[in-house]
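In what follows, a structure is listed as structure tokens, so that the remarks can point back to it.
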2 protein chains.
Amino acid sequence: MNPVSTPTPTSATVGPTSAGHSTASTGEGNSKTCDEALAQAFTFLGKRWNGVILGTLTNGASGFAELRRNVTGISDSVLSERLSELQTAGLIVRAVEPGPPISVSYQLSDAGTALVPAMHALSVWAAKHFPGPGDRTP
Amino acid sequence: MNPVSTPTPTSATVGPTSAGHSTASTGEGNSKTCDEALAQAFTFLGKRWNGVILGTLTNGASGFAELRRNVTGISDSVLSERLSELQTAGLIVRAVEPGPPISVSYQLSDAGTALVPAMHALSVWAAKHFPGPGDRTP
DNA sequence: ACTGGTTGCTTCGTTTTTAGAAGCGACCGG
DNA sequence: CCGGTCGCTTCTAAAAACGAAGCAACCAGT
């Protein structure tokens, strides 16, 4: 399980939550490993920026530069890489408008959109347990 | 926003989902940034291994070595670091049993436990959109 | 007594990932 | 023409993760 490599959707050894590690759950008796599906979810969500990018796209389609501005702190190169990965994984869709000026927009795919309720649950949890950016009283 | 540093719960500049970037949401008109609470959640969940560790601990308390085995693919040093961070953040609790042999166990805190439903939602989503470890048809 | 194993980490060097700046062609407005 | 934006790409530097070795404490077997 090496998430360092681009989470190639083809490999079972992807992400911090690679299926590889999940498959090591032995299956019998001692079943204290992470749920495989959850591990799979964290193939993407456990990778820096993906969660925030997807969260940002819940507001609607955005272009590269717009995302760059709205996902504060992300670099061009990482954003480009993440968008490519998320697209390959089928979580977002990239649409090109060809006529001058050419423009590109990214939006959540059906799969990405299906993730929104879970993301909302995370948001609700965080709002409760991280009351303020500087308030650490979980 | 530098998640590279240990997500010190005191700082507003933590994680890929630092409050710093969320606060840059400008607040008026163009509100397409990620929800601040969600960004905060990804301070931890967007960091390699945290989601899987927390997911693993939903099965109940575990020792270090047990976690090491059950979170397949994680290294000792990263596990140690992550446990420390998650404890500092109040998501897990470390309990020491002193009498020979000394043993240490980690379990979800109240805040960590409160995260379980959201994690479950993620798991359900992933099971639907990633049907199999090697099956990439979201 | 010694050996080998487990536990719960720590340390250190290596590899991978992320960050950050600069760059490019296309397009637009002044 | 210039300067700006867009949508990236490229390259170097910094940070994170990896992987192996190490340590003290403890236990069981010979």
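Quick caveat, the model's predicted, so the values are computed rather than measured. Each chain gets a letter, A, B and so on, in the order its sequence line appears, and its residues count up from 1.
- Regarding contacts with the backbone of C:dT7, every side-chain N or O of B:Tyr106 stays at 4.0 angstrom or more from both OP1 and OP2.
- Going from atom CZ of A:Arg48 over to atom C1' of C:dA19 covers 9 Å, rounded to whole Å.
- Under a 3.5 Å cut-off, the side chain of B:Arg68 and the backbone N or O of B:Ile74 do form a donor-acceptor pair.
- As rounded to whole Å, 16 Å separates atom C1' of C:dC9 from atom CG of B:Leu86.
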Kindly list each side-chain donor-acceptor pair under 3.5 angstrom involving residues 98-109 of chain A, sequence neighbours excluded, with atom names and distances?
residue: A:Tyr106; atom: OH; partner: A:Arg94; partner atom: NE; Å: 3.4
residue: A:Ser109; atom: OG; partner: A:Gly90; partner atom: O; Å: 2.5
residue: A:Ser109; atom: OG; partner: A:Leu91; partner atom: O; Å: 3.0
residue: A:Ser109; atom: OG; partner: A:Ala111; partner atom: N; Å: 3.3
residue: A:Ser109; atom: OG; partner: A:Gly112; partner atom: N; Å: 3.1

Along nucleotides 24-30 of chain D, 5' to 3', which nucleotides get a B, which get an S, and which get a -, given that the test is a protein heavy-atom distance under 4.0 Å? --SS---

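- Here the C1' atom of nucleotide D:dG7 and the CD atom of A:Glu66 are 13 Å apart, to the nearest Å.
- When rounded to the nearest whole Å, the span between CG of B:Asn70 and P of C:dG8 equals 13 Å.
- The side-chain hydrogen bond (donor to acceptor under 3.5 Å, both in side chains) analysis of residues 113-123 of chain A, with sequence neighbours excluded, yields the pairs A:Ser123-B:Asp35.
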For nucleotides 2-5 of chain C, tabulate all protein N/O to nucleotide N/O atom pairs closer than 3.5 Å, reporting atom names and distance.
none

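- Side-chain heavy atoms closer than 4.5 Å link hydrophobic residues (I, L, V, M, F, W, Y) into clusters, and following such links, even through other members, never connects B:Val116 to A:Val124.
- Residues meeting the side-chain hydrogen bond (donor to acceptor under 3.5 Å, both in side chains) test with B:Asp110, sequence neighbours left out: none.
- Evaluation of the side-chain contact (heavy atoms from CB on, under 4.5 Å) rule for A:Ala121 yields B:Ala118 as partners, not counting sequence neighbours.
- Under the side-chain contact (heavy atoms from CB on, under 4.5 Å) criterion, B:Ser77 pairs with B:Ser75, not counting sequence neighbours.
- Considering only side-chain atoms of B:Lys47, the nucleotide from D:dG19, D:dG7, D:dA17 that sits closest is D:dA17.
- Listed by chain and residue number, A:Arg69 satisfy the side-chain contact (heavy atoms from CB on, under 4.5 Å) test with A:Ala65 (two or more places apart in sequence, or in another chain).
- Taking side-chain N and O atoms only, B:Arg68 has no distance below 4.0 Å to OP1 or OP2 of C:dT6.
- Nucleotide C:dG8 holds its P atom 15 Å from the CD1 atom of B:Ile53, rounded to whole Å.
- Residues A:Arg48 and A:Val78 form no side-chain contact, since every pair of their non-hydrogen atoms from C-beta on lies 4.5 Å or further apart.
- B:Leu83 has its CG atom 11 Å from the P atom of C:dG8, to the nearest Å.
- Distances shown here put a side-chain N or O of A:Arg69 below 4.0 Å from the OP1 or OP2 atom of D:dC6.
- Judged purely by atom type and a 3.5 angstrom limit, B:Ser80 has no side-chain atom pairing as donor or acceptor with the backbone of B:Asp76.
- When all heavy atoms are compared, the tightest approach of B:Ser62 to B:Leu67 is CB-CG, 3.8 Å.
- Residue B:Arg82 has no polar side-chain atom (N or O) positioned under 4.0 Å from OP1 or OP2 of C:dC9.
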Find every protein N or O atom lying less than 3.5 Å from an N or O atom of nucleotides 9-13 of chain D, and list the pairs.
residue: D:dT9; atom: OP2; partner: A:Ser80; partner atom: OG; Å: 2.9

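- Put simply, CZ on B:Arg94 is 12 Å from C1' on C:dT7, counting in whole angstrom units.
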